[in-house]
Colleague: 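Structure incoming, see below.
Labels below follow one simple rule: chain letters A, B, ... track the order of the sequence lines, proteins then strands, and each chain is numbered from 1.
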Amino acid sequence: MIVARELLGKIVVRTWNEHLLSGVISETEAYLGETDTASHASRGRTPRTQTMYGPPGRAYVYLVYGMFNMFNVVTEPEGVASAVLIRGLQPLQGHEVMRELRKSGKGLTDGPGKLCQALAIDRTLNGIDLTAGQPLWIEDRNIKPGPIYSGPRIGIDYAGDHDRLAERRFWIEKG
DNA sequence: AGCACGATCTGA
DNA sequence: CAGATCGTGCTA
């Protein structure tokens with residue numbers, strides 16, 4: 001929750017094939033823990049959710065719908081399965097390469113699946129340390145906060161009423 | 001072993 | 001609004 005808001009305005013940086021790709025985080029979603037029926041962690045500890053239970057500051061990357069990767073940041077200490085899904089970025093550097101990586105569609109980094117394509121993020125990056133630089137990390141340049149909006153999360157109709165309606169999606173003004 | 005179903009996106 | 005597409009977790 002707190003981290004989801006704090007991540008807004010921070011920079012995701014990715015190095016790929018000698019290229020530097022980056023963008024400002026503009027939309028996030030918080031997935032709280034085993035009690036959050038919208039979270040993968042609600043099914044307990046499984047092979048896939050391992051990294052969510054691991055130390056914070058790592059990447060939790062998984063595949064949905066058989067074709068899209070989702071990029072999350074693990075937030076709580078080891079043992080607690082909490083993560084923040086990165087849903088949107090405002091591209092900063094590497095527009096050309098991002099376009100190339102995405103090939104089809106219009107948006108570049110608006111949407112969790114799209115941004116993973118644009119930044120060449122897949123499950124091979126699952127579990128990596130996001131505070132250790134290459135090949136993927138998060139930077140805190142001091143970007144002015146601006147107003148933060150919130151609303152219910154997307155694509156979680158399977159969750160129980162409480163979690164489905166809870167406002168755990170956050171975003172800032174679009175570019 | 002088999003099955004139902006996604007933390008999505010695209011094009012009609 | 002339907003289809004793509006396959007890993008995961010549940011049931012047996």
Colleague: For a quick test of reading the model: is some side-chain N or O of Arg102(A) closer than 4.0 Å to OP1 or OP2 of dT10(B)?
Modeller: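 Answer yes for this pair, as a side-chain N or O of Arg102(A) is under 4.0 Å from OP1 or OP2.
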
Colleague: Is the shortest side-chain N/O distance from Arg43(A) to OP1 or OP2 of dT8(C) below 4.0 Å?
Modeller: no

Colleague: Can you see if the side chain of Thr46(A) gets near the phosphate of dG9(C) - specifically, an N or O under 4.0 Å from OP1 or OP2?
Modeller: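 True: Thr46(A) side-chain N/O within range (under 4.0 Å) of dG9(C) OP1/OP2.
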
Colleague: Write down the distance between CG (Leu63(A)) and C1' (dG9(C)), rounded to a whole number of angstrom.
Modeller: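 Whole-Å distance recorded here is 15 Å.
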
Colleague: Would the distance check show the side chain of Gln50(A) and the main-chain N or O of Arg45(A) forming a donor-acceptor pair, the cut-off being under 3.5 Å?
Modeller: no

Colleague: Return no unless some side-chain N or O of Lys106(A) is found under 4.0 Å from OP1 or OP2 of dC9(B).
Modeller: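 False: Lys106(A) side-chain N/O out of range (4.0 Å or more) of dC9(B) OP1/OP2.
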
Colleague: Please determine, for dT5(C), whether a Watson-Crick or G-U wobble partner exists with both distances under 3.5 Å, and give it or none.
Modeller: none

Colleague: Look at all strands and tell whether Arg153(A) reaches a base, only sugar-phosphate, or nothing, counting heavy atoms closer than 4.0 Å.
Modeller: nothing

Colleague: Output yes if the stacking criterion (under 5.5 Å between centres, under 30° between planes) is met for Tyr31(A) over the base of dA7(B), else no.
Modeller: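 By the stated criterion, Tyr31(A) and dA7(B) stack.
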
Colleague: Just how far, in rounded Å, is C1' of dG7(C) from CE of Met67(A)?
Modeller: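 So the CE-C1' distance, Met67(A) to dG7(C), works out to 12 Å.
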
Colleague: Between dT10(B), dG9(C), dA7(B), spot the one nearest the side chain of Ser39(A), thanks.
Modeller: dA7(B)

Colleague: Does the pair Arg87(A)/Glu29(A) count as a salt bridge with the N-to-O cut at 4.0 Å?
Modeller: yes

Colleague: According to the Watson-Crick and G-U wobble definitions, with both distances under 3.5 Å, which nucleotide is paired to dA7(B)?
Modeller: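 Paired with no nucleotide.
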
Colleague: What does Leu85(A) touch in the nucleic acid at a heavy-atom separation under 4.0 angstrom: a base, only the sugar-phosphate, or nothing?
Modeller: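 Base: the residue Leu85(A), judged by heavy atoms under 4.0 Å, touches a nucleobase.
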
Colleague: Less than 4.0 Å between a side-chain N and a carboxylate O, is that true for Arg153(A) and Asp36(A)?
Modeller: yes

Colleague: May I ask you to say whether Glu27(A) pairs ionically with Arg169(A), meaning some side-chain N is under 4.0 Å from a carboxylate O?
Modeller: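 A salt bridge links Glu27(A) with Arg169(A).
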
Colleague: Take atom CD of Glu27(A) and atom C1' of dT8(B), then tell me their distance rounded to the nearest Å.
Modeller: 13 Å

Colleague: Quick one: which of dA7(B), dG9(C), dC9(B) gets closest to the side chain of Pro47(A)?
Modeller: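 Output: dG9(C).
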
Colleague: Please classify the nucleic acid contact of Arg123(A) as base, sugar-phosphate, or nothing, using heavy-atom distances under 4.0 Å.
Modeller: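 Sugar-phosphate, backbone atoms only, no base.
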
Colleague: Measure from CG on Asn72(A) to C1' on dA7(B) and round the result to the nearest Å.
Modeller: 8 Å

Colleague: Measure the distance from CD on Gln117(A) to C1' on dT10(B) and round it to the nearest whole Å.
Modeller: 11 Å

Colleague: Heavy atoms under 4.0 Å, any strand shown: does Gly66(A) hit a base, just sugar-phosphate, or nothing?
Modeller: base

Colleague: Do the side-chain N or O atoms of Tyr158(A) get closer than 4.0 angstrom to the phosphate oxygens (OP1, OP2) of dA7(B)?
Modeller: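 Checking Tyr158(A) against dA7(B): at least one side-chain N or O falls below 4.0 Å of OP1 or OP2.
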
Colleague: Reckon His40(A) has a side-chain N or O less than 4.0 Å from the OP1 or OP2 of dT8(C)?
Modeller: no

Colleague: What interatomic distance, in whole Å, is found between P of dA2(C) and the corresponding atom of dC5(B)?
Modeller: 16 Å

Colleague: With hydrogens left out and only the distance checked, is there a donor-acceptor pair under 3.5 Å joining Tyr65(A)'s side chain and the base of dA4(C)?
Modeller: no

Colleague: Rounded to the Å, how far apart are Ile86(A) CD1 and dT8(B) P?
Modeller: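 Taking CD1 of Ile86(A) and P of dT8(B), I get 14 Å after rounding.
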
Colleague: Using the side chain to side chain donor-acceptor pair (under 3.5 Å) rule, pick out the option among Gln93(A), Glu139(A), Arg14(A) that qualifies with Ser22(A).
Modeller: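 The passing option is Gln93(A).
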
Colleague: Indicate, with a heavy-atom threshold strictly under 4.0 Å, whether Met70(A) touches base, sugar-phosphate, or nothing.
Modeller: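 Sugar-phosphate: the residue Met70(A), judged by heavy atoms under 4.0 Å, touches backbone atoms but no base.
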
Colleague: His40(A) vs Tyr62(A) aromatic rings, parallel, tilted or perpendicular, using cut-offs 30° and 60°?
Modeller: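 Rings of His40(A) and Tyr62(A): perpendicular, as their planes differ by over 60°.
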
Colleague: Could you check which of dT8(C), dT8(B), dT10(B) has an atom nearest any side-chain atom of Arg48(A)?
Modeller: dT8(C)

Colleague: Where the side chain of Tyr60(A) is defined as all heavy atoms beyond and including C-beta, which of dC9(B), dA7(B), dG7(C) is the nearest nucleotide?
Modeller: dA7(B)

